[in-house]
J.: 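Okay, here's the structure, questions in a sec.
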There are 2 protein chains.
Amino acid sequence: MSELRKRALIGAALCEIAERGSLDVTVAQIAGRAGVSAALAHHYFGGKEDLILATMRHLLAEFSSVLVSGLREAPDPRARLTAIVRGSFGREQFHHATISAWLTFYAKALSSEVAAWLLEIYQRRLNSNLVHALRALVPGKDAVRIAESTAALIDGVYLREALKGVPSTPESAIAVIERHIDLEIRAVQA
Amino acid sequence: MSELRKRALIGAALCEIAERGSLDVTVAQIAGRAGVSAALAHHYFGGKEDLILATMRHLLAEFSSVLVSGLREAPDPRARLTAIVRGSFGREQFHHATISAWLTFYAKALSSEVAAWLLEIYQRRLNSNLVHALRALVPGKDAVRIAESTAALIDGVYLREALKGVPSTPESAIAVIERHIDLEIRAVQA
DNA sequence: TGATTGATTGACTAATCAATCAATAGAGGT
DNA sequence: ACCTCTATTGATTGATTAGTCAATCAATCA
């Protein structure tokens, strides 16, 4: 029962945060959506902060698993890069709701030590994956630089997607990133 | 006195928001920093929401004026692009505080109609400036595409700067964007 | 001087919400 | 039947905070 309720509460928190576009969600709202009382949320998570952080961890873990499974199937370095890009824009759904939740967590990282720490781990892992794949294609120094700009571009495109009211397909977003990678690699190799 | 107090309150709100890394600032905190009572803030702005939005407008207006003056001095299209990039990363200060405030406003745009509208105006203007400068260098269709990816890259780099605890110089950030622009232009012209 | 007006505040209200707690219910074991 | 542990909740508390209001203060003007 414990795990079941925790999962339900995390899912409800995700929905509520995304729907309201803010971390100003009450425990009662989350619990209500999960079909339980607010007191139960406290029982299982200790406090609101822990529930929010658990939700964040869930999102990060989910992305991580998508990334790992994508990378496993990539045959060569360039395909690994594509896997990372597609993973970044294919996380569960490319839904406005999920993207909103991410942006909200980014904002939280400004004021929460733990949230910042969690995001840093995600960023480091993304960066390390990019660098690793790039090293097979360009000199090490360039790999680091290209990884950095690519990661920033991913975040930027993601951010703009969050603010865009209408949902769109990930394909156009992916194309932007892919082109950037291609241009950078070609520029170095030329 | 009216204008003086309003300016002081907006400045205080900016500081408070940036320092706490969140829009969860109380009217009392802002007013206290401005050296007045909370009641006065209500007197001048009507409500908390209006004060926050006025602060947002201030930030946007400030950026806009920096951009305009930078563009006026640019002798050719490529210099105009550089002016836009430098303006984006030279807004008043490249301070962690200011960047934090921007990210916080981005998050607010998810839940506030007016905030979203304000940000959209800023984005549209930035985009239009980029497209206009690019049209002199590449075909129209490419100009639109490059403007889009450049704007996203600017936002992405800015975002990462916000989360980075340590402050850094804008030069490295500017270099990333400039390189992206150069690569894109060269790829089209080739 | 006396009146008017704007600036300013302290005190108050009403609402919200996280967190706590005591109490109930049910399952499983003895 | 009795105990024990977990799940669950309604009620309550304590803290926070936006917004209001009546009262004061200061300057300007008639």
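Below, chain A is the first sequence line, B the second, and so on; all start at residue 1. Just so it is clear, the values below take in all heavy atoms, side chains as well, and ignore hydrogens, waters and symmetry mates.
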J.: Could you tell me the separation between the CD1 atom of A/I177 and the CZ atom of A/R86, rounded to the nearest 0.5 Å?
T.: 12.0 Å

J.: Check every atom of D/dA7, C/dT9, D/dG19 against the side chain of B/V36 and return the nucleotide holding the closest atom.
T.: C/dT9

J.: In whole Å, I'd like the distance from the NZ atom of A/K48 to the P atom of C/dA18.
T.: 4 Å

J.: In whole angstroms, how far is the C1' atom of C/dA22 from the NE2 atom of A/H42?
T.: 17 Å

J.: In whole angstrom, what separates A/I30's CD1 from C/dT16's C1'?
T.: 15 Å

J.: Quick one: label A/Y44 by what it contacts on the DNA or RNA (base, sugar-phosphate, nothing), any heavy atom closer than 4.0 Å.
T.: sugar-phosphate

J.: With heavy atoms under 4.0 Å as the rule, sort A/S37 into base, sugar-phosphate or nothing.
T.: base

J.: A/F94 versus A/T169: any side-chain heavy-atom pair under 4.5 Å?
T.: no

J.: Just compare C/dA19, C/dA7, C/dT20 and give me whichever is closest to any side-chain atom of A/A39.
T.: C/dT20

J.: In whole angstroms, how far is the C1' atom of C/dA19 from the CZ atom of A/F45?
T.: 16 Å

J.: Once you apply the 3.5 Å cut-off to both distances, tell me the Watson-Crick or G-U wobble partner of D/dA11, or none.
T.: C/dT20

J.: Any strand counts, and the cut-off is 3.5 Å on both contacts for Watson-Crick or G-U wobble. Which nucleotide pairs with C/dT30?
T.: D/dA1

J.: Would you say a side-chain N or O of A/R5 is under 4.0 Å from OP1 or OP2 of D/dT8?
T.: yes

J.: On DNA chain C, does the nearest nucleotide to A/A38 precede the nearest nucleotide to A/T26 from the 5' side, or the other way round? Give the residue.
T.: A/T26

J.: Taking the side chain as everything from C-beta on, heavy atoms only, tell me whether B/T150 gets closer than 4.5 Å to B/H180.
T.: yes

J.: Please give, in whole Å, the distance from C/dA18 C1' to A/L53 CG?
T.: 15 Å

J.: Round to the nearest Å and state the distance from B/H43 atom NE2 to C/dG10 atom C1'.
T.: 16 Å

J.: Between A/Q29 (CD) and C/dT16 (P), how many Å, whole number?
T.: 11 Å

J.: Of all the choices, D/dA7, C/dA18, C/dT9, which nucleotide is nearest to the side chain of B/L40 once you look at every atom?
T.: C/dT9

J.: Just say parallel, tilted or perpendicular for the rings of B/Y158 and B/W102, cut-offs at 30° and 60°.
T.: perpendicular

J.: Report the distance from atom CG of A/D50 to atom P of C/dT20, rounded to the nearest whole Å.
T.: 11 Å

J.: Are any non-hydrogen side-chain atoms of B/F63 and B/L59 less than 4.5 angstrom apart?
T.: no

